[in-house]
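These notes concern the structure reproduced below.
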There are 2 protein chains.
Amino acid sequence: MKAAQPPKKRRKILPKEQRRQQLIEATIACIARYGLASTTMHMVTQEAGLSVGIANLHFETKENLLRETLRYVAEEYHTGQIDIMRGREAENLSDRLTALLNFQFGKGVTQRRKMSVWFAYYGEVGARPIYQKIVSAWDRAAARELESLFASIIQEGGYRDVDPGELAMGYSALIDGLHLALLVTPRELTKQSARKIGRDFLQRAFPNHI
Amino acid sequence: MKAAQPPKKRRKILPKEQRRQQLIEATIACIARYGLASTTMHMVTQEAGLSVGIANLHFETKENLLRETLRYVAEEYHTGQIDIMRGREAENLSDRLTALLNFQFGKGVTQRRKMSVWFAYYGEVGARPIYQKIVSAWDRAAARELESLFASIIQEGGYRDVDPGELAMGYSALIDGLHLALLVTPRELTKQSARKIGRDFLQRAFPNHI
DNA sequence: CGTAAGAATGAATGATCATTCATTCTAGGT
DNA sequence: ACCTAGAATGAATGATCATTCATTCTTACG
């Protein structure tokens, strides 16, 4: 009786950048499925369909791979937001608000896969200064952009007694909290109602823009 | 040259319940300091000033210890909230709202120590069904209580077009998001302004109660 | 074709860690 | 003062995992 042969796959050689990307994607998949704590190098390389040694070749250490993965995830989310806020897609201020909501509760961002990874890293921020640095740098950039968008809206609408900085902080916190709720208690909250809650927040602040 | 002798401590025997509590506290301290991923049984028992074997004696496995620690932290936070919302300390509805804010941004809850632990577990929720079960059970209980408090306020104030369930979800999400911001970007947000942001949210919804 | 630069492999290594359990010690009961 | 139930200890064990590196394979280029 012969053991079933794993189909001998031909070894493929690819440029460094492509392999790095492939490993980062595999890392995201593993963290979403098994958690940051129990993800091993073996799992990651297997997920990528490669051998264990490959990770060392492209990232030196596990620590590096995890750091680069966080950088990638943080950049993807925050540049998506920032592009919308800067008005790449909509000049109109009201439309930018709607586009922002659509992005924050859209298919790309609210996948369980993505949110798991996001909060897995947040959970370690308290213990790893480097994670805190990466996340807070992006957070600050997005916060500035949001504050400036809100300031424009306040001016355009002539809204009184609203501080753009405070409002931006509140809105960001609300969005993070809603993502957390979607992850932790998905039965209590749908994407649609989460989106509505975000919308209502904006509407109370900017009644003529939403 | 003699190595400095660790002062031989006399072995102390204590009731099971007290040792369990001591180990849970040590676990919280370690998670806050080193993160959930790198906390070892050695660290925990050392933090408690006990030997490694003790953990097995009272909790069987590391898994159990971590689970019981989460149960303890979740219960502490949510029962604190629920007691206030039920009006143990204040019959008046407005006072209950203020008390809730004070609790959520008070000394006890917003310590880095506590918030680190809280989010460390949230980060693993995506991968460990048992954590999700514990957290979401308490979340649901607190959400129900908050919804009922909001419903009373809506009735008392005759507020129109406000859904208590939706508002409760939004408020909880906002508070979670603010705690996360306090943990991740402490330089951008003080406890005082976080509290003010929470207050403003309530004020927009219940202008006559805050 | 032939060859060499370097990409990819995976068995081996050593470090870390949870768990075990034979032994030691404590304190309440007699 | 003595005894014993069972609380506490910590060296030993075995499992898991990141990392290494001698070897194999691929492909671009002459």
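Here the structure is a predicted model, which is why all the values come from computation and not from measurement. Letters go in sequence order (proteins before strands), and every chain restarts at 1.
Phe59(A) meets the ring-ring contact (aromatic ring centres under 6.0 Å, His included) test with no other residue; sequence neighbours excluded. Residues satisfying the ring-ring contact (aromatic ring centres under 6.0 Å, His included) test with Tyr34(B), not counting sequence neighbours, are none. With sequence neighbours excluded, the residues forming a salt bridge (charged side-chain N to carboxylate O under 4.0 Å, His left out) with Asp200(A) are Lys196(A), listed by chain and number. Shown here are the side chain to side chain donor-acceptor pair (under 3.5 Å) partners of Arg86(B), two or more places apart in sequence or in another chain: Glu145(B). By the side-chain contact (heavy atoms from CB on, under 4.5 Å) test, Ser193(B) pairs with Leu189(B), Thr190(B), sequence neighbours left out.
Two residues are said to be in side-chain contact when any heavy atoms from C-beta on lie closer than 4.5 Å; Leu97(A) and Leu93(A) fail this criterion.
Each side-chain hydrogen bond (donor to acceptor under 3.5 Å, both in side chains) pair with one or both residues in residues 168-179 of chain B, not counting sequence neighbours, appears once here: Gln104(B)-Tyr171(B). Screening residues 40-55 of chain B for side-chain hydrogen bond (donor to acceptor under 3.5 Å, both in side chains) gives Arg33(B)-Glu47(B) as the qualifying pairs, with residues at least two apart or on separate chains.
Of the residues in residues 57-64 of chain A, Thr61(A), Lys62(A) come within less than 4.0 Å of DNA chain D through at least one heavy atom, sorted by number. Of the residues in residues 20-41 of chain A, those placing a heavy atom less than 4.0 Å from an atom of DNA chain D are Thr39(A), Thr40(A), Met41(A), in numerical order.
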Trace of the side chain to side chain contact (heavy atoms under 4.5 Å, CB included) decision for Tyr131(B) with Leu66(B): CA-CA 10 Å; Tyr131(B) 292 174; Leu66(B) 292 178; 3.6 Å; yes
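Of all nucleotides in DNA chain D, those with any atom nearer than 4.0 Å to a heavy atom of chain A start and finish, going 5' to 3', at dC17(D) to dT27(D).
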Nucleic acid footprint by protein, nucleotides 24-30 of chain C - heavy-atom cut-off 4.0 Å, B for base, S for sugar-phosphate alone: BBBS---
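When the local axes at the two ends of the helix from dC1(C)-dG30(D) to dT30(C)-dA1(D) are compared, using 5 base pairs at each end, they differ in direction by 0° after rounding to 10°.
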